Every structure is written in C-alpha cells, then in structure tokens.
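Structure record follows, encoded as structure tokens.
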Amino acid sequence: MQHEVRSDSTAVGVVALAEIRESALSLDEVVESVRHPSCGGITVFLGVVRDHDRGQEVSALDYSVHPSAEERLREVTETVAARSGAVRLAALHRSGHLDIGDVAVVVAASAAHRDAAFGACRDLIDTLKAEVPIWKHQHLGDGGTEWVGLP
C-alpha cells in the first residue's frame with residue numbers, strides 16, 4: 001500500500017510524507033522530507049519492535065491495516081500540521097511481518113525552533129497511534145498470540 005503526499009519545498013505547515021509500507025522504512029528519507037531552510041529544529045520519533053509487552057515475551061509481530069488507514073494517516077498528519085506550528089511533517093508506518101528490532105514507525109517534524117518541532121512530533125505519534133486503524137498481532141514467546149489496538 002503506497003500513497004505519497006509531497007508538497008512544494010517552499011511551503012510551510014505541510015505534510016511532506018504520509019505512507020504505510022510493507023518494506024523497510026528509511027530514517028534518512030523521512031528526515032530529508034522535512035528539511036526546510038526556515039527550520040532550525042528537526043525532531044524524529046523512531047518506533048522499534050521490542051522483545052516484550054506488558055510482562056510477556058514477544059518474538060515477532062504482524063501489523064494489519066484497514067483499507068482506509070493510509071488516507072487516515074494523511075488526514076491525521078494534515079491535522080497536526082495545521083495545529084502545531086510545525087513547518088513540515090512526515091509519517092511512515094510499516095505493515096506486514098516485523099521481527100524484533102525492526103523499525104515499525106517513523107515520524108518527524110521540522111520547525112523554526114525546537115519546542116515546536118518536539119511538540120509537533122509528539123502530537124503526531126500520539127494522534128497516529130490513537131486514530132489510524134493499524135492493529136498489531138503479537139507472537140508471544142510461549143507460542144501464543146494476542147491482538148493489540150483493536151477497536
């Protein structure tokens with residue numbers, strides 16, 4: 001599933017990138033997408049698959065996405081861009097099978113100053129997690145599985 005949103009490089013308050021991919025995510029691509037001459041701060045959040053969750057060992061996971069997830073990701077990113085004061089925002093999320101240590105999500109925000117970049121980056125990851133229909137099916141160390149984030 002790929003749908004990229006890029007905006008004019010001179011525009012501000014825009015979504016530079018909003019995509020869900022089955023392939024590995026590039027931190028460099030995300031950072032480059034939010035660079036802007038007016039920005040002195042770029043903040044990045046990198047979510048990585050960990051080996052435990054709520055006291056249980058995790059061996060791997062699979063992300064499932066609703067058909068509307070990528071469109072919703074774009075809408076969420078646009079909403080955060082409009083309310084944050086950030087110059088540019090980007091969000092990439094994985095789908096499919098991920099192993100421990102794989103990058104699951106990358107979000108970034110650029111702004112004139114660090115406070116706005118930090119705030120926008122946190123707002124973006126928190127809103128993405130709450131509102132984009134992506135569900136995690138964890139494979140547990142004991143052989144069981146569990147779904148996380150189902151409505």
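This one's a predicted model, so the numbers in the text were calculated from it and none came from an experiment.
The minimum heavy-atom distance linking Ala111 with Ala117 is given by the pair CB-N, 3.6 Å. Residue Val49 comes nearest to Ala104 through the heavy atom pair CG2-CB, 4.4 Å, listed as atom of the first residue, atom of the second, then distance. A pairwise comparison of heavy atoms in Gly85 and Ala116 identifies O-CB, 4.4 Å as the closest pair. Contact record, Ala112 with Val87: N-CG2, 4.3 Å, taken as the closest heavy-atom pair. Residue Cys121 comes nearest to Ala109 through the heavy atom pair N-CB, 3.8 Å, listed as atom of the first residue, atom of the second, then distance.
Using a 4.5 Å heavy-atom threshold, the side chains of Trp147 and Trp135 count as touching. The side-chain heavy atoms of Leu98 and Asp62, taken from C-beta on, include no pair separated by under 4.5 Å. Side-chain contact between His93 and Val106 is absent, with no heavy-atom pair separated by less than 4.5 Å. Counting heavy atoms from C-beta outward, Arg35 and Ile42 have side chains that approach closer than 4.5 Å. Side-chain contact between Leu128 and Val105 is present, with at least one heavy-atom pair separated by less than 4.5 Å. Counting only heavy atoms from C-beta outward, the side chains of Val76 and Leu124 approach each other to under 4.5 Å. You'll find the side chain of Val44 reaches within 4.5 Å of the side chain of Leu27, heavy atoms only.
The side chain to side chain contact (heavy atoms under 4.5 Å, CB included) with Glu78 is formed by just one residue from the set Leu89, Val15, Leu73; it is Val15.
Cluster membership check: Val30 does not share its hydrophobic cluster with Phe118, using side-chain heavy-atom separations under 4.5 Å among Ile, Leu, Val, Met, Phe, Trp and Tyr. In this structure, Val148 is not a member of the same hydrophobic cluster as Ile134, with clusters built from ILVMFWY side-chain heavy atoms closer than 4.5 Å.
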Salt bridge (Lys or Arg N to Asp or Glu O under 4.0 Å) evaluation trace for Asp123 with Arg83: CA-CA 10 Å; Asp123 188 11; Arg83 72 179 173 220; 2.8 Å; yes
Trace of the salt bridge (Lys or Arg N to Asp or Glu O under 4.0 Å) decision for Glu146 with Lys136: CA-CA 8 Å; Glu146 72 174 347; Lys136 182 169 42 174; over 6 Å; no
Full working for side chain to side chain contact (heavy atoms under 4.5 Å, CB included) between His66 and Arg72: CA-CA 10 Å; His66 188 273; Arg72 187 69 189 121; over 6 Å; no
Leu140/Glu57 under side chain to side chain contact (heavy atoms under 4.5 Å, CB included): CA gap, chis, key distance, verdict: CA-CA 6 Å; Leu140 305 176; Glu57 182 182 339; over 6 Å; no
Side chain to side chain contact (heavy atoms under 4.5 Å, CB included) between Tyr63 and Ile20, intermediate numbers included: CA-CA 10 Å; Tyr63 278 110; Ile20 298 173; over 6 Å; no
Residue pair Ser64, His137: steps toward the side-chain hydrogen bond (donor to acceptor under 3.5 Å, both in side chains) verdict: CA-CA 8 Å; Ser64 296; His137 189 207; over 6 Å; no
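Within 6.0 Å of atom NE2 in His97, more than 12 heavy atoms from other residues, nucleotides or ligands are found, so the atom counts as buried in its surroundings.
To the nearest 0.5 Å, atoms CG (Leu17) and CD (Glu32) are separated by 11.5 Å. In this structure, the separation between CZ on Arg114 and SG on Cys39 is 14.5 Å, given to the nearest 0.5 Å. Separating the CD atom in Glu75 from the OG atom in Ser68 is a distance of 8.5 Å, to the nearest 0.5 Å. How far CG of Leu46 is from CG of Leu25: 8.5 Å, rounded to the nearest 0.5 Å.
Among residues two or more places apart in sequence or in another chain, the side-chain contact (heavy atoms from CB on, under 4.5 Å) test is passed with Ser59 by His139.
Side chain of Glu22 to main chain of Ser95: no donor-acceptor pair is present (N/O by atom type, distance under 3.5 Å, no hydrogens or angles). For Thr77 (side chain) and Ala18 (main-chain N/O), no donor-acceptor pair under 3.5 Å exists by modelled atom type. In this structure, the side chain of Arg21 does not engage the main chain of Ser23 through any donor-acceptor pair within 3.5 Å.
Taking 4.0 Å as the cut-off between side-chain N and carboxylate O, Arg94 and Glu19 do not count as a salt-bridged pair.
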